[in-house]
Structures are given as C-alpha cells and as structure tokens.
2 protein chains.
Amino acid sequence: MERFLSNAVNKIDAKGRVSVPAHFRSVLAKRGFDELYALRCLDQPALDVGGMDLLERYEARIEAEDPFQQTADDMSYFIHGDGAFLKLDQDGRVTVNDFIREQTGISSEVAFVGRGTFFQMWEPSRLATHARQVRERLLRLRSVGDSRRSEDPE
Amino acid sequence: MERFLSNAVNKIDAKGRVSVPAHFRSVLAKRGFDELYALRCLDQPALDVGGMDLLERYEARIEAEDPFQQTADDMSYFIHGDGAFLKLDQDGRVTVNDFIREQTGISSEVAFVGRGTFFQMWEPSRLATHARQVRERLLRLRSVGDSRRSEDPE
DNA sequence: TTGACGCCCATATGTGCCCATGGTATCCCT
DNA sequence: AGGGATACCATGGGCACATATGGGCGTCAA
C-alpha cells in the first residue's frame with residue numbers, strides 16, 4: 001500500500017507556487033485524486049492535506065452527529081467553511097494562498113510531512129520546534145512505560 | 001460529488017452588487033440551478049443560501065410534520081415567508097438587498113462560506129468572531145475525547 | 001421623472017497552461 | 001569501473017483566459 005511518508009522542504013516561487021513532492025503526487029495519482037483537500041489543524045500551525053477521501057472521512061463523521069445540535073454545525077463549518085481545495089497545476093504545484101499563510105505562518109518555504117493517509121504543510125522552523133516536542137513527549141512516554149530504560153535513551 | 005467548500009470575501013459595488021465566488025456558481029450550474037434561495041440562520045447573523053434543492057429539502061421536512069401543529073405553521077412561515085430568492089445576473093452577481101443587510105449586518109463586503117450542500121453569507125468581521133468560537137468549541141470537544149493530550153498542548 | 005434592475009462592455013489581477021533550465025540520481029555502454 | 005547519456009524533479013517565467021469589479025445604458029414601474 002502507498003503511504004505519505006518522509007518529508008521535504010520546497011521553495012515558493014515568485015508567483016507563490018510550490019511543488020508538492022513527487023512522491024506525494026504519485027501516491028495521490030495512484031489513488032485517483034487530482035485535487036487536494038486541505039483543512040486546518042486545530043491545535044497546531046499546520047495544514048492537513050489529502051485527497052477527497054480525507055474530506056469524505058470527515059463528512060462521514062458529521063453524519064454521525066445530530067444535525068440539530070451545535071456540534072454538527074461547528075464541524076461542518078470547520079470542515080467545509082474553513083477548509084479549501086488546492087488545485088495541482090500540470091507541474092504538480094499548488095499556489096500558497098492567504099488561507100495557507102495565515103494558518104501556518106509560511107512565507108517563503110514549505111515543509112511537507114508525510115502522515116500515512118494524508119500529509120501536512122508546515123513553516124519549516126515551526127516544524128523543527130514541533131518535531132523536538134514530539135520526540136520529547138515520546139521519550140517521556142517511554143520512560144514511564146519502561147522504567148529500566150528511563151536513564152538510557154538511545 | 002460537488003460541494004460548496006472554502007470561503008471568500010468579495011466587495012459590494014456602488015450599485016449594491018456582489019460577485020458570488022466562481023466556484024460556488026459552478027457548483028450551482030452543475031446542479032442545474034440558475035436561481036438562489038436564501039433563508040435566515042435562526043441563531044446566527046448569517047444567511048443560508050443554495051439552489052432550489054435547499055428549499056425542497058425544507059419543504060419535505062415540513063411535510064413530515066403534523067399540519068395541525070403550530071410547528072408546521074411556524075416552519076412554513078419561516079421558510080416561505082421569511083426566505084428570499086436571489087437572482088444571479090449575467091456576470092454571476094447578486095444584489096445585496098435590505099433583507100440581506102438586516103439579517104447579516106453586511107454593509108460593504110460579503111464573506112461567502114461553503115457548507116457542503118449550501119453556502120452562507122456573512123459580514124466578514126462577524127464571521128471571524130464566529131470562526132474563533134467554533135474552533136474553541138471543537139478544541140474543547142477534542143480534549144474531552146482524548147484526555148491523554150489535554151495536559152499537553154503545544 | 002426617478003430609481004431599481006437587467007443587460008452589456010471594459011479592465012486589472014489572479015490563475016492555469018505551457019515550455020525552458022539546471023541539478024541530481026540512475027542507468028547503460030564501453 | 002568510469003564516463004557519458006538519460007530520466008526525473010524542483011524551479012523559473014511567458015502567455016492566455018477566467019474572474020472580480022467598475023461603469024454605461026435602456027427598460028419598466030412607481
């Protein structure tokens with residue numbers, strides 16, 4: 001099975017375009033998607049990006065809610081109103097619009113991060129910070145789960 | 001399937017017209033609608049707008065009610081008496097009339113917000129406030145559902 | 001007559017489509 | 001094994017069309 005994996009940093013050109021890594025594009029192509037769906041991360045300055053399957057998964061989630069409750073409305077707003085389609089041009093680039101810049105803080109470079117069924121877009125230095133924090137958390141988790149090794153991180 | 005998705009802010013011109021985003025128009029065209037149906041949001045300063053299917057969906061909802069109950073009468077009033085048709089001109093614009101202004105507080109700019117099967121019209125700054133509140137609520141929802149992360153936001 | 005509205009056209013900016021270039025990794029042939 | 005050819009990819013830029021916006025003009029009704 002094809003996954004979104006590894007990461008890469010690409011430059012935004014004078015027209016505000018950036019190449020989506022070829023490997024990510026081939027994953028999308030293999031799944032039959034020529035359009036991208038992007039939505040905000042709620043708690044991080046990043047965007048989750050994937051094919052239409054990503055959108056459909058969220059929509060299925062909304063279906064499960066009572067449509068007369070506020071939660072369903074909130075979810076729909078977040079998924080539909082606060083999401084975006086990113087069109088790939090023929091060379092596999094997307095334009096970095098204000099929506100992306102505002103959410104991520106991206107200005108001149110974009111870090112693409114594979115996440116299995118989707119990928120993320122980050123401002124490179126913020127990603128570096130995030131990566132550090134993730135590793136720290138995992139390390140803590142490990143020392144809690146296995147006290148023998150707590151003094152001995154590899 | 002084509003959805004109303006993402007959002008955009010367009011200007012109202014001197015004649016009180018505003019362009020409906022091209023993407024939204026193409027969704028309407030693909031569904032075969034050349035006229036728009038708008039109704040008030042009950043709990044928000046916004047309008048729900050869509051094709052005739054939106055009206056039909058509400059009408060079907062009324063059909064399901066007992067016609068002797070007040071609810072059916074209220075619903076019918078709300079949908080028929082308190083709704084409006086918006087005509088698209090040849091360039092894909094609608095005129096922002098008093099009904100719209102009074103309901104939304106719109107004066108010089110309109111925020112169009114995709115909501116899947118329909119879209120909304122908002123006064124941009126009110127939308128911004130709304131968006132903030134939605135994200136807050138969803139974030140709370142999430143930390144309730146996943147307590148492991150609740151103590152560890154970045 | 002005046003104002004609202006529909007129809008038409010003009011224009012600047014944005015966006016997509018196309019092709020070119022340079023760098024890099026891979027492959028092939030000798 | 002070495003060296004050149006080749007394929008792929010990120011990047012840059014030209015060009016045409018779509019879109020948002022502004023404005024003119026005629027029509028119809030109050």
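On a predicted model such as this, the values are computed, not experimentally measured, just so you know. So you know, we letter chains A, B, ... as the sequences are listed, proteins then strands, and number each from 1.
Of all the residues in residues 8-15 of chain A, A/Asn10, A/Lys11, A/Asp13, A/Lys15 reach under 4.0 Å from DNA chain D with at least one non-hydrogen atom. Contacts between residues 98-112 of chain A and DNA chain D, defined by a heavy-atom separation under 4.0 Å, are absent.
Note on residues 93-108 of chain A: pairs passing salt bridge (Lys or Arg N to Asp or Glu O under 4.0 Å), not counting sequence neighbours, are A/Asp13-A/Arg93, A/Arg40-A/Glu102, A/Asp89-A/Arg93, A/Asp91-A/Arg93.
When rounded to the nearest whole Å, the span between CG of B/Leu86 and P of C/dA4 equals 18 Å. Put simply, CG on B/Asp89 is 13 Å from C1' on C/dC9, counting in whole angstrom units. Residue A/Leu88 contributes atom CG, which lies 15 Å from atom P of C/dC18 at whole-angstrom precision. Atoms CD (A/Gln90) and P (C/dA20) sit 14 Å apart, rounded to a whole Å.
Taking CD of A/Glu65 as the reference point, atom CE of A/Met75 lies at 4.5 Å (rounded to 0.5 Å). Going from atom CG of A/Leu5 over to atom CZ of A/Arg115 covers 11.5 Å, rounded to the nearest 0.5 Å. In this structure, B/Arg61 CZ and B/Thr71 OG1 are separated by 8.5 Å, a value rounded to the nearest 0.5 Å.
A heavy-atom distance below 4.5 Å is not found between the side chains of B/Leu47 and B/Leu39. Here the side chains of B/Asp53 and B/Phe33 are in contact, with some heavy-atom distance below 4.5 Å. Two residues are said to be in side-chain contact when any heavy atoms from C-beta on lie closer than 4.5 Å; A/Val110 and A/Val9 fail this criterion.
A donor-acceptor contact under 3.5 angstrom links the side-chain atoms of A/Asp91 to the base of C/dC18. Between the side chain of A/Arg93 and the base of D/dG12 there is at least one donor-acceptor pair of N/O atoms closer than 3.5 Å.
The nearest heavy atom of DNA chain D to A/Val18 and to B/Arg25 marks one nucleotide each, and the one closer to the 5' end goes with A/Val18.
Neither OP1 nor OP2 of C/dC7 sits under 4.0 Å from any side-chain N or O of B/Arg17.
The aromatic rings of B/His23 and A/Phe85 sit perpendicular, their planes meeting at an angle over 60°, well past the 30° parallel limit. Between B/Phe4 and B/Phe24, the angle of the ring planes goes over 60°, which puts this pair in the perpendicular group of the 30/60° scheme.
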